[in-house]
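Presented below is the structure to which this report refers.
The residues of the chain are indexed from 1 along the displayed sequence.
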Amino acid sequence: VDFPENDLDIVSDMYKEGNYPAINSYVNDKNINIKYEKDDEFTTINLSKIIKINTPILNNILGKNYKLTTSKVIYE
């Protein structure tokens, strides 16, 4: 599965650079949902993506679709 930590590093680097149009383009191209949460000097970047599981045993446990999430807190 092509997600999540590498994408989170790429998005957080673009966020630190202030390159918001590139972030929007990147997450749209990869079908990733993004959410920002601000709390004083901290911003939490949350990424999530729905994946389809093709393994019979995992399908029975997790269902056919599974939501992957990851987040990173950035001090500003």
Side-chain angles (χ1 to χ4, degrees):
V1 175
D2 181 28
F3 186 72
E5 293 300 328
N6 188 41
D7 291 323
L8 183 59
D9 289 337
I10 291 168
V11 169
S12 63
D13 287 345
M14 286 189 276
Y15 181 85
K16 289 175 190 174
E17 294 168 358
N19 196 350
Y20 306 112
I23 292 172
N24 292 334
S25 177
Y26 184 84
V27 296
N28 286 334
D29 288 347
K30 294 200 165 228
N31 277 339
I32 298 172
N33 297 314
I34 189 166
K35 180 180 167 190
Y36 302 99
E37 297 175 14
K38 294 197 179 257
D39 184 23
D40 294 324
E41 299 117 17
F42 300 97
T43 298
T44 303
I45 300 173
N46 298 295
L47 300 182
S48 63
K49 183 175 187 176
I50 303 293
I51 62 163
K52 295 188 185 293
I53 299 175
N54 296 322
T55 306
I57 294 172
L58 283 177
N59 280 352
N60 294 335
I61 297 169
L62 302 174
K64 291 184 180 182
N65 295 323
Y66 185 73
K67 184 177 183 179
L68 291 175
T69 60
T70 187
S71 63
K72 187 173 194 175
V73 178
I74 297 173
Y75 179 77
E76 297 187 74

If you look only at distance, which donor and acceptor atoms sit under 3.5 Å apart when one is on a side chain in residues 10-18 and the other is two or more places apart or in another chain?
residue: S12; atom: OG; partner: L8; partner atom: O; Å: 3.0
residue: S12; atom: OG; partner: D9; partner atom: O; Å: 3.1
residue: S12; atom: OG; partner: K72; partner atom: NZ; Å: 3.4
residue: Y15; atom: OH; partner: K38; partner atom: NZ; Å: 2.9
residue: Y15; atom: OH; partner: T43; partner atom: OG1; Å: 3.4
residue: Y15; atom: OH; partner: E76; partner atom: OE2; Å: 3.1

Looking at [atom1] of [X] and [atom2] of [Y], how far apart are the two atoms once the value is rounded to the nearest 0.5 Å?
| X | Y | atom1 | atom2 | value |
| --- | --- | --- | --- | --- |
| I50 | N33 | CD1 | CG | 7.5 Å |
| N6 | T70 | CG | OG1 | 11.0 Å |
| L68 | I32 | CG | CD1 | 10.0 Å |
| N65 | I53 | CG | CD1 | 8.0 Å |
| L47 | D7 | CG | CG | 7.0 Å |

Greater than 12 external heavy atoms within 6.0 Å of Y20's OH: yes
Evaluate whether atom OH of Y66 has more than 12 neighbouring non-hydrogen atoms of other residues, nucleotides or ligands under 6.0 angstrom away. no
Within the structure provided, determine whether Y36 and I45 are in side-chain contact (heavy-atom separation under 4.5 Å). yes
